[in-house]
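In what follows, every chain begins at residue 1, and chains take the letters A, B, ... in the order their sequences are listed.
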Number of protein chains: 2
Amino acid sequence: MAARSPIASIWTRPQKPQRDQAGLSRDQIVRAAIEILDAEGRDALSMRRLGARLGAAATSVYWYVSNKDELLELALDEIFGEVERPDPETSGWRPAFTIAAHSLRSLILRHPWVAQLIGVYPMYGPNALRFTDHLVGVAQHAGFQDFDVDFAVTTVVAYVYGMTIGEAAWLSNAQRAGTTMKELDERVWDVSAEIARDYPRLSERYRAYGETDPQRLRVATFDFGLVSVLDGLELRRRATRRDPDPPAGT
Amino acid sequence: MAARSPIASIWTRPQKPQRDQAGLSRDQIVRAAIEILDAEGRDALSMRRLGARLGAAATSVYWYVSNKDELLELALDEIFGEVERPDPETSGWRPAFTIAAHSLRSLILRHPWVAQLIGVYPMYGPNALRFTDHLVGVAQHAGFQDFDVDFAVTTVVAYVYGMTIGEAAWLSNAQRAGTTMKELDERVWDVSAEIARDYPRLSERYRAYGETDPQRLRVATFDFGLVSVLDGLELRRRATRRDPDPPAGT
DNA sequence: CAAATCACTTGAACAGCGTACGAGCATCGT
DNA sequence: ACGATGCTCGTACGCTGTTCAAGTGATTTG
């Protein structure tokens, strides 16, 4: 993959003219790429495999996409089309953020390779922008002012990313090893406890987990953190709000 | 890079016996790898280049490390040795978390490639474990009980990761393009505003930024979110705490 | 209707990658 | 002195992303 000019992203340049029924199409290519990524992860996607899946030569793809990087940018944004954008008018800002956060999390867990792309490509695709734009609306509806609008949005999104990237990594690893998350959980528990042996506080924590279901634990962790973040935002909001949402917030 | 068994990490297997003064050493190799990563980023690190830098053949490295993955795990953990572990006894839990968070952030910004590794490898290295273990101590000192201890720690760390990964990505991109962050900021501003043209709320936000220094804005964003997270944790803490830290916190 | 242009496909080729392997060398324990 | 052990290295394999020139067939132009 070639080094690219700072912001040379597929979203910053026009698409070529296209004939009416060409054999391939950008959509078709992106869909095929996503299928491979979902099924076998990031490492499994090569241009040759993609070509093969499309019944075309590997290099044909380069007519529609100038880079593998561009292809991944397209795939990434395509996935962002799946995220929910709940209306704060009907539910209030807090449920809106909550729903969006959960939706974002489950989207990443459905497509764990996405986690490896966040923070590599600028997210300038229409779906990502639409999502951010929507969250800005939610924050404004909540009554955040000026920069606090961006701060609030960025905080929530950052939290979800940070929390979910680790989970997605485990999923990816399980996938690469041909196991399910469940099996991995079982094996990893003992190993973790063993590794943490020299760290008294960690060991104590591992002992405390006992038979707790790791899956439930992850969800509980996410919820705890999200509630904390939203509580914190609520405090900031009260300080500077100039109106719209009722104080209660829900 | 080969697919690896679920948790086959370098930390889960013993080190080979080693002769007293061998030409190379694991430490030396890891240091050299970090130098390359810091100077030119993740893509620039190849086993051949690493060998060349060490004045050795590419394949010599494989005596000390069985994988490129393992090498990256070692480098990652080595960097985690740089993080601060402030004592909650002297400063209280909130400043302790705050210092740790800032320290973690600046560590990642000093070594942007770290961001691309988080969420790819399990962090079982001694330095990472020591850090986590310390944070557990901070949370316990704050008075969190049972699972809330882990929840609190995970929340803070996740927030820092999520927030910093995006920043690190920009740094990496700037580095790859041979620019500084400052130059990139200037160019990216206009492009972003242009791209956001079709999204009214985003456009409004970009207009509001005006001449604001992006660097300062990033710091302000981080601080805002961190304060929010800690405020949220404070609320959770009050609910279940069984003592140690004074109610005031700070 | 012929010619030229355009959209698209393709195979071959290149440089680079991670890594397996076996031959060789130097030092160590006996 | 000799075998074992720690370590280095060159070669080679199969894979990667990407370039490029050649080719095909439909569409537009003169």
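- Atom-to-atom, CZ of B/Arg26 to C1' of D/dC7 comes out at 15 Å; the value is rounded to the nearest Å.
- For A/Glu40, the salt bridge (Lys or Arg N to Asp or Glu O under 4.0 Å) partners at least two apart in sequence or on another chain are A/Arg49.
- Taking 4.0 angstrom as the limit, A/Asn67 places none of its side-chain polar atoms (N or O) nearer than this to OP1 or OP2 of D/dG17.
- The distance between atom OH of A/Tyr62 and atom P of C/dA12, rounded to the nearest whole Å, is 18 Å.
- As a whole-Å value, the separation of B/Tyr64 OH from D/dT8 C1' is 9 Å.
- Counting only heavy atoms from C-beta on, A/Met47 has its side chain closest to D/dG17 among C/dC8, D/dC9, D/dG17.
- Among the protein residues, A/Ser46 comes within range of the sugar-phosphate backbone only, with heavy atoms under 4.0 Å from sugar or phosphate atoms but none that close to a base.
- One atom, CG of B/Asp69, and another, P of C/dG18, lie 10 Å apart when rounded to the nearest Å.
- The list of salt bridge (charged side-chain N to carboxylate O under 4.0 Å, His left out) pairs with a residue in residues 117-130 of chain A, not counting sequence neighbours, is empty.
- Taking side-chain N and O atoms only, A/Thr59 has no distance below 4.0 Å to OP1 or OP2 of C/dT10.
- As rounded to whole Å, 12 Å separates atom C1' of C/dG18 from atom CG of B/Leu45.
- Of the residues in residues 48-57 of chain A, those lying under 4.0 Å from DNA chain C by heavy-atom distance are A/Arg48, A/Ala56, A/Ala57.
- Note: NZ (B/Lys68) to P (C/dA20) measures 14 Å, nearest angstrom.
- Neither side chain, B/Thr155 nor A/Tyr159, offers a donor N or O lying under 3.5 Å from an acceptor on the other.
- Side-chain N/O atoms of A/Glu183 and A/Thr179 include no donor and acceptor closer than 3.5 Å.
- The phosphate of D/dT8 (OP1 or OP2) has no side-chain N or O of B/Trp63 nearer than 4.0 angstrom.
- Every residue was checked against the salt bridge (Lys or Arg N to Asp or Glu O under 4.0 Å) condition with B/Arg216, not counting sequence neighbours, and none meets it.
- For residues 29-39 of chain B, the set of pairs meeting the side chain to side chain donor-acceptor pair (under 3.5 Å) definition, not counting sequence neighbours, comprises B/Glu35-B/Arg53, B/Asp38-B/His111, B/Asp38-B/Trp113.
- For residues 174-197 of chain A, every residue pair satisfying the ring-ring contact (aromatic ring centres under 6.0 Å, His included) rule, not counting sequence neighbours, is listed here: A/Trp189-A/Tyr209.
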